[in-house]
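What's counted below: heavy atoms across the whole structure, side chains too, no hydrogens, waters or symmetry copies.
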Amino acid sequence: MIIGKVTGTVVTTLSHAAFKHRRLLVVQPLTLPGEQPSGDFIALDSTQAGVGDTVLVNREGNGARQVLANPDAPVTSVIVGIVDSLTIPSLD
C-alpha cells in the first residue's frame with residue numbers, strides 16, 4: 001500500500017467491463033523530504049475520492065482484484081481509502 005495525492009482524472013470512451021461505474025484517477029505518490037519522487041500512476045477508485053484528496057492505494061494486482069470482488073479484473077491499483085490526517089514522527 002502507498003499513500004498518494006489525487007492529481008487528475010482519466011476519461012475514456014471505451015473501458016473494460018470491470019471498470020464500469022468506477023472512476024480512473026491519476027495519483028502522485030507522496031514521498032518524505034529528500035526522497036526521489038516516483039512516477040504518477042492511474043488507479044481505479046472505490047472510495048469516491050476526488051482531485052486534491054490524499055488516498056491510500058493498494059498497488060498489488062491480487063489484492064486489487066479482491067477489493068473489486070472480481071478475480072478477472074485487469075487492474076493493479078485501486079484506491080481503498082481517503083486519508084483524513086497523517087502524522088509522521090520526527091526523522092531525527
Side-chain angles (χ1 to χ4, degrees):
M1 298 254 190
I2 66 163
I3 296 174
K5 178 80 71 179
V6 176
T7 60
T9 61
V10 177
V11 177
T12 62
T13 55
L14 294 172
S15 63
H16 191 276
F19 297 176
K20 192 169 185 170
H21 303 299
R22 296 187 187 270
R23 296 183 339 145
L24 294 170
L25 300 176
V26 179
V27 177
Q28 180 180 47
L30 296 182
T31 59
L32 295 172
E35 285 186 353
Q36 189 72 7
S38 58
D40 296 359
F41 61 90
I42 297 172
L44 199 62
D45 182 32
S46 68
T47 62
Q48 302 298 316
V51 173
D53 284 338
T54 300
V55 292
L56 183 63
V57 182
N58 181 334
R59 290 202 73 191
E60 191 275 321
N62 189 42
R65 287 186 289 275
Q66 288 181 20
V67 169
L68 300 175
N70 184 345
D72 299 323
V75 61
T76 56
S77 300
V78 174
I79 296 172
V80 295
I82 299 172
V83 177
D84 292 327
S85 66
L86 178 65
T87 303
I88 299 174
S90 175
L91 300 174
D92 294 335

So the side-chain hydrogen bond (donor to acceptor under 3.5 Å, both in side chains) pairs with at least one residue in residues 15-39 (sequence neighbours excluded) are none
*asked:* Assigning hydrophobic clusters by single linkage (Ile, Leu, Val, Met, Phe, Trp, Tyr; side-chain heavy-atom cutoff under 4.5 Å), is Val57 placed with Leu32?
replied: no
Sorted by chain and residue number, the side chain to side chain contact (heavy atoms under 4.5 Å, CB included) partners of Ile42 (sequence neighbours excluded) come out as Val10, Leu24
Pro29 and Phe41 have their tightest heavy-atom pair at CG-CE2, 3.7 Å
Heavy-atom closest pair (Leu44 atom, Ala18 atom, distance to 0.1 Å) is CD2-O, 4.4 Å
Here the side-chain hydrogen bond (donor to acceptor under 3.5 Å, both in side chains) pairs for residues 68-81, sequence neighbours left out, are Arg59-Ser77
Residues at least two apart in sequence or cross-chain that pass side chain to side chain donor-acceptor pair (under 3.5 Å) with Thr47, listed by chain then number, are Asp45
By side chain to side chain contact (heavy atoms under 4.5 Å, CB included), Glu60 pairs with (sequence neighbours left out) Asn58, Asn62
Taken in chain and number order and not counting sequence neighbours, the residues that satisfy side chain to side chain donor-acceptor pair (under 3.5 Å) with Thr54 are Lys5
By side chain to side chain contact (heavy atoms under 4.5 Å, CB included), Ala64 pairs with (sequence neighbours left out) Val75, Val78
Report task. State plainly whether one hydrophobic cluster holds both Phe19 and Leu68, where clusters connect Ile, Leu, Val, Met, Phe, Trp and Tyr through side-chain heavy atoms under 4.5 angstrom apart. Result -> yes
- Linked, directly or transitively: Val67 and Val55 (ILVMFWY side chains, under 4.5 Å): no
Met1 and Leu30: same hydrophobic cluster, using ILVMFWY side-chain contacts below 4.5 Å? yes
N/O donor-acceptor pairs under 3.5 Å from side chains in residues 79-88, not counting sequence neighbours:
none

